[in-house]
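Below: the structure, in structure tokens.
Sequence lines set the chain letters: A, B, ... in the order given, protein chains first and strands last, and positions in each chain run from 1.
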2 protein chains.
Amino acid sequence: MTKRPADSENASAPAARQVPMRDFSRSLPMLLLRAREAVMRQFRPSLREHGLTEQQWRILRALASIEAAEVTELARTAFLLGPSLSRILRDLEARNLIERKTAKADQRRSMVSISRDGVKLMASVAPSSEAIYAEITQRFGARKLAELQEMLGELERSLAAPGAADETTAEE
Amino acid sequence: MTKRPADSENASAPAARQVPMRDFSRSLPMLLLRAREAVMRQFRPSLREHGLTEQQWRILRALASIEAAEVTELARTAFLLGPSLSRILRDLEARNLIERKTAKADQRRSMVSISRDGVKLMASVAPSSEAIYAEITQRFGARKLAELQEMLGELERSLAAPGAADETTAEE
DNA sequence: CGCATTCACTTAACATGTTAAGTATCTCCG
DNA sequence: CGGAGATACTTAACATGTTAAGTGAATGCG
């Protein structure tokens with residue numbers, strides 16, 4: 001699994017490369033990507049059994065926690081772009097997992113809510129989902145996990161909006 | 001930016017929901033996603049100016065650090081799936097940023113390497129890229145960044161392969 | 001040797017990410 | 001009130017993510 005054949009060829013590779021650029025596999029974006037993938041890899045099989053993708057699950061979870069929402073608000077909550085959300089909502093509606101109705105006061109807005117079927121589906125996924133989360137917590141350590149979550153939040157906040165300085169000393 | 005109109009409608013929403021599921025926006029996958037997006041948002045404009053996507057940049061960086069590589073090895077290094085890599089390599093080759101040649105010893109394998117043009121392009125992007133990284137380091141704090149990187153690596157390792165226990169105390 | 005299996009990719013097909021353009025509705029100001 | 005501009009989506013178009021299937025080249029074993 002770790003060894004590859006044809007390694008005899010490598011003996012003839014040029015030497016070169018003094019500065020390996022500090023191993024780009026340790027760069028922050030790569031570490032975040034890999035960490036997230038490692039986490040999601042735990043969840044995907046269970047979601048898949050229930051016919052849900054990661055994004056669909058995010059939407060249902062978001063809806064379950066906020067009752068009804070406008071599409072724009074839902075996009076913000078589930079961290080999806082409008083076009084992605086638009087497509088996924090179309091599919092979820094066709095599967096009767098959500099419901100939409102145009103807002104009375106503003107014909108442009110549509111209110112989205114989870115349907116009875118959607119609630120049932122969530123109920124059937126939640127147990128295994130929570131078990132997996134618990135397993136992750138146990139493997140990595142609850143204390144460390146909390147720390148990590150805190151740092152991730154801080155990182156996001158420290159990189160938000162302002163173009164230059166940090167927000168605690170923002171002059172606005 | 002924070003207030004929404006039409007809130008008067010919400011008064012008629014059913015009460016319900018005792019357990020808000022601990023705000024799913026604070027779940028680990030979501031935090032990782034948001035953090036990564038916050039980071040990449042810093043880099044994308046610069047990459048875009050040079051006509052590169054995030055993935056293309058990953059591939060060039062990977063190639064720059066390992067001279068030549070088989071496609072499979074490159075996929076592992078740049079953390080891309082085979083099909084994505086296949087397509088992107090096709091495009092990068094058409095733009096003369098990389099070169100490929102079939103391995104002498106094994107006709108199935110193809111060796112990919114960065115071209116002279118590719119090296120030049122990297123050289124033109126690297127400065128602003130490093131400046132952005134430095135800016136991030138400064139905003140978040142070098143110390144905290146190092147800690148975060150360490151934790152992300154640990155998280156990934158702790159979730160690797162084994163189906164149940166953690167590897168330090170694994171009973172195999 | 002011969003042929004089933006494995007291997008290293010590539011293609012295909014479909015979902016999502018991402019930017020730009022389109023559509024209907026609403027707001028506001030003259 | 002009426003039309004310019006802003007809003008809330010939706011569509012379109014293209015790149016990537018993701019799984020499955022296809023293709024051609026090595027391997028292994030009888």
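Residue side chain A/Arg108 does not reach the base of D/dC9 through any donor-acceptor N/O pair under 3.5 Å, judged by distance alone.
Here the side chain of B/Glu70 is nearest to one of C/dG17, C/dT18, C/dC9, namely C/dC9. Listed nucleotides D/dC9, C/dT19, C/dC26 differ in distance to A/Gln107; the shortest reach to its side chain belongs to C/dC26. Taking the side chain of A/Gln56 as heavy atoms from C-beta on, and the options C/dA8, D/dA20, C/dT16, the nearest nucleotide is C/dT16. Closest to the side chain of A/Arg87, from the set C/dC9, D/dA15, C/dG17, is C/dG17. When distances run from any side-chain atom of A/Thr53 to the nucleotides C/dG17, C/dT25, C/dA15, the shortest one goes to C/dA15. The side chain of A/Pro83 lies closest to D/dT11 when the candidates are D/dT11, D/dA20, D/dT16.
One can place CD of A/Gln55 at 6 Å from C1' of C/dT16, the figure rounded to the nearest angstrom. Rounded to whole Å, atom P of D/dT18 lies 9 Å from atom CG of A/Leu33. When rounded to the nearest whole Å, the span between CZ of B/Arg48 and P of D/dT16 equals 13 Å.
The two residues B/Leu148 and A/Met151 have their closest heavy-atom pair at N-CE, 3.8 Å. In terms of heavy-atom proximity, A/Pro29 sits nearest to B/Phe43 at CG-CE1, 4.3 Å.
Using a 4.0 Å heavy-atom criterion, one finds that A/Ser84 contacts the bases of the nucleic acid, with or without backbone contacts as well. As judged by a 4.0 angstrom heavy-atom cut-off over every strand, A/Leu85 is placed among residues making no nucleic acid contact.
A donor-acceptor pair is defined here as one N or O able to donate and one able to accept, closer than 3.5 Å; such a pair exists between the side chain of A/Thr77 and the backbone of A/Glu73.
The residue among B/Gly82 and B/Arg44 whose nearest nucleotide of DNA chain C lies closer to the 5′ end is B/Gly82.
Side chains of B/Ser128 and B/Ser46: a donor-acceptor N/O pair is present below 3.5 angstrom, by distance only.
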